[in-house]
Undergrad: 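This is the structure I want to talk about, given as structure tokens.
For the numbers below, each heavy atom of this structure counts, side chains included, while hydrogens, waters and symmetry mates do not. In what follows, chains carry the letters A, B, and so on, assigned in the order in which the sequence lines appear, proteins first and then strands, with residues in each chain numbered from 1.
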Number of protein chains: 2
Amino acid sequence: MGIMQSLIEIQQKLLPDLLVVLKKRYLILRQVMLSDMIGRRTLAASLEMTERVLRAETDFLKTQGLLHIEAAGMRITEAGQRLLDEMEPLYKQMFGLSDLEERIRKRYGLKQVIVVPGDSDSLPHTKRELGLAGCAVLRKYMEKDDVVAITGGTTLAQVANQLTTQTPLKGNWFVPARGGLGESLDYQANTLASTMAKRTGAQYRLLHVPDHLGEEAYTTLMQEPNVREIVEVIRSARIVVHGIGDAMVMARRRRVDGSFIEALKAEGAHAEAFGYYFDRNGAVVHRMPTIGLRLEDIMATEVVIAIAGGSSKAEAIAAIMRFGRDDVLVTDEGAALGIVAQLDEEEKQA
Amino acid sequence: MGIMQSLIEIQQKLLPDLLVVLKKRYLILRQVMLSDMIGRRTLAASLEMTERVLRAETDFLKTQGLLHIEAAGMRITEAGQRLLDEMEPLYKQMFGLSDLEERIRKRYGLKQVIVVPGDSDSLPHTKRELGLAGCAVLRKYMEKDDVVAITGGTTLAQVANQLTTQTPLKGNWFVPARGGLGESLDYQANTLASTMAKRTGAQYRLLHVPDHLGEEAYTTLMQEPNVREIVEVIRSARIVVHGIGDAMVMARRRRVDGSFIEALKAEGAHAEAFGYYFDRNGAVVHRMPTIGLRLEDIMATEVVIAIAGGSSKAEAIAAIMRFGRDDVLVTDEGAALGIVAQLDEEEKQA
DNA sequence: ACAGGCGGGACAATTCATGTCCCTGGTGTG
DNA sequence: CACACCAGGGACATGAATTGTCCCGCCTGT
């Protein structure tokens, strides 16, 4: 046991609710940080606290010089930011997130696992946090003149909309991993690639074709020189950042026809990632030709980063991890708990 | 810095109220341990707590299995003893500062001593903390329609620039304690008085005269009606907030002539405060007429607050404390350690 | 055997925490 | 430049928790 665990255990004997209060205040401070500027009532709602209780806490944080409160709302101070940064690793140890990380990392042979507090299913702000953590990871692995392929989805959108860099990434390229998927424009891979490039001063290319194609259309399009050109860039990506979805949810969202959905069901499709469907063991179900990144391209990619959270996605995430091509997983507490629950099951049966 | 130290610092920022409770419970447990077996009322008396409050705590410690309570009194349990042993180093780190405070407070008969962590000499942000603590003290002692006289200096500037109030102090006055001292404008008493007044919605008056004057100039100026008026306000101050400086450093900064510096040296001047020089025993050296606050005015002031930090100022602070007119001292760990080192010397010689 | 001091019960007084609503004012938007 | 909206802060009733004070019956050390 770490020195910190014993330290906290000692204190908890004398102050049993120490961790409760510490967590509460930390989460408030963190939420304010994530929100840039936020009002009391909005904050209370997003943290599921009553207004008055939150107010007592923010008043306290103000007197501690960690929050700035002004007419337009509250904002974190420099000291508050410093405190948050210092506290992050401690928080993870205290609340067992680093244990979850390590356990998942080992089981699936990943390079790195990051678990952020919360559950995207129930707490909307958790997705922001997921996005922020995703940004940090992406920055860590990106190198000069890299090509980064990204998929779409709401979680990836959180990454795109929060991505920043200290210096413009002039030589880097952001490209969509796949074509259009019939979802809302805001979450299209094309949109996100362009957003990320604009926010970081990098270049981007777009892929203006639908993702799922018949054989004939595929052949025709691949003969177009400008399509070929961008496809070549995409398939040379060194980094892939992708979300993970539930197979049925994704299939419906893509408005594929009923018979296809039935086929997926019959084949036991559980999860979806970078346009492919996987069963619960991580085996690919239903390959089909695509203009974008193919499985064989992904196998050749150096860094594959998965970003997905929410307890409802635990199974899907586990399935993709079993597929085994990912290097980094960024998820949240809700999903991570679901995943380790599955690990417990596995071990019990063994 | 150790992980323990950083955890403690975070807790001090985030849970200062809980740490007070922690200390209380620790001290109760320790007292029980030292007493072998002790009754509730006796214990309450020796810890200067009321019976009922102590009882709430001992009930709690009992449920935590740290105390054994029987008909003959209470006794520490094995678990309690273990906790106490493990907690000792932790306690020292957590509350080392409060012990310093209490020691200094008692020795110099002060109302209150505040020691902030750090050393202004080496850690620049410590001065900010000093200023913030100074603000809290000032707010605590200020009352309706008070006149507050302040001196200049970089430390006091930190107070001025961070001072806030919940409601505007319409009836209060901030005034400079002394006239111009030939330092940078930013640290002039005049500047600080006006800053503080503006930040708190209070009134202020300025003293537009040099501090050190010849007899003749003094007499002439004091006959000016507008000078007389403001001087009367200044001399009626109920609160004085002042910094403390090293005598030689201050003398040089004020560009007094060489012969004066030699005279100061010969008289053993060590410290400077509110325009006067003191030797290491706190005796005043070299009085001279001033338009601003005179020593006799300070003797009549109700609340005198000293704010100064940095290990290099320990001796100067101690000298001013020996002078004995201060009620409150706000300092930092660096200076406080130097001061108690001197106390240790004193005790060794006695 | 007994007296003093023990823990624990009781309870009124008071403080404190909390949920809720309102008000004024600043900010961003059109 | 005007407006609408949402911000923080004030106010307050209510209910919970804390606290000071007293008492009682019992154990225990002498």
Undergrad: Nearest to the side chain of A:E51 - D:dG9, D:dT21, D:dA11?
TA: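 The answer is D:dG9.
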Undergrad: Whole Å only: how far is the NE2 atom of A:H68 from the C1' atom of D:dG8?
TA: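 One finds 15 Å between C1' of D:dG8 and NE2 of A:H68, rounded.
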Undergrad: What is the distance, rounded to the nearest whole Å, between atom CZ of A:R52 and atom P of D:dC12?
TA: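 Roughly 14 Å, once rounded to whole Å.
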Undergrad: CD1 of A:I38 versus C1' of D:dG8: gap in Å, rounded?
TA: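 For the pair A:I38 CD1 and D:dG8 C1', the rounded distance is 14 Å.
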Undergrad: May I ask you to check whether A:Q11 and B:Q11 show a side-chain donor-acceptor distance below 3.5 Å?
TA: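 There is such a pair (donor and acceptor under 3.5 Å, judged by atom type) between the side chains of A:Q11 and B:Q11.
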Undergrad: Can you sort out the partners of A:Y26 under ring-ring contact (aromatic ring centres under 6.0 Å, His included), two or more places apart, ordered by chain and number?
TA: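 Here the qualifying residues are A:Y91.
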Undergrad: Report the distance from atom CG of B:D59 to atom C1' of D:dT18, rounded to the nearest whole Å.
TA: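 Atom-to-atom, B:D59 to D:dT18, this comes out as 13 Å.
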Undergrad: Distance check needed: D:dG9 C1' versus A:K62 NZ, whole Å only.
TA: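 In whole Å, D:dG9 C1' lies 9 Å from A:K62 NZ.
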Undergrad: For D:dC6, does OP1 or OP2 lie under 4.0 Å from any side-chain N or O of A:T42?
TA: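 It does not, given that no N or O in the side chain of A:T42 lies less than 4.0 Å from OP1 or OP2 of D:dC6.
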Undergrad: Using only atom types and a distance under 3.5 Å, with no angle test, would you say the side chain of B:R75 pairs donor to acceptor with the backbone of B:M37?
TA: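 Pair absent, no side-chain N/O of B:R75 close to backbone of B:M37.
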Undergrad: Which sits closer to the 5' end of DNA chain D, B:E57 or B:R40, going by the nucleotide each is nearest to?
TA: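 Whichever sits nearer the 5' end wins; that is B:E57.
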Undergrad: Quick one: list whatever passes side chain to side chain donor-acceptor pair (under 3.5 Å) with B:S120, sequence neighbours left out.
TA: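 With neighbours one apart ignored, the set is B:D332.
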Undergrad: Just the endpoints, please: which first and last nucleotides of DNA chain C, 5' to 3', lie under 4.0 Å from a heavy atom of chain B?
TA: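 Span of nucleotides near chain B: C:dC6 to C:dA10.
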Undergrad: Pick the closest DNA chain D nucleotide for B:A56 and for A:M74 by heavy atoms, then say which residue is nearer the 5' end.
TA: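 Its nearest nucleotide being more 5', the pick is A:M74.
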Undergrad: In whole angstrom, what separates A:R41's CZ from D:dG8's P?
TA: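 Nearest whole value for this atom pair: 7 Å.
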Undergrad: Do NZ/NE/NH1/NH2 and the carboxylate oxygens of B:E143 and B:R238 come within less than 4.0 Å?
TA: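 So B:E143 pairs with B:R238 through a salt bridge.
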Undergrad: Does a sphere of radius 6.0 Å around CZ in B:R128 hold more than 12 heavy atoms from other residues, nucleotides or ligands, not counting ones at 6.0 Å or beyond?
TA: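 Check fails, neighbour count at 12 or below.
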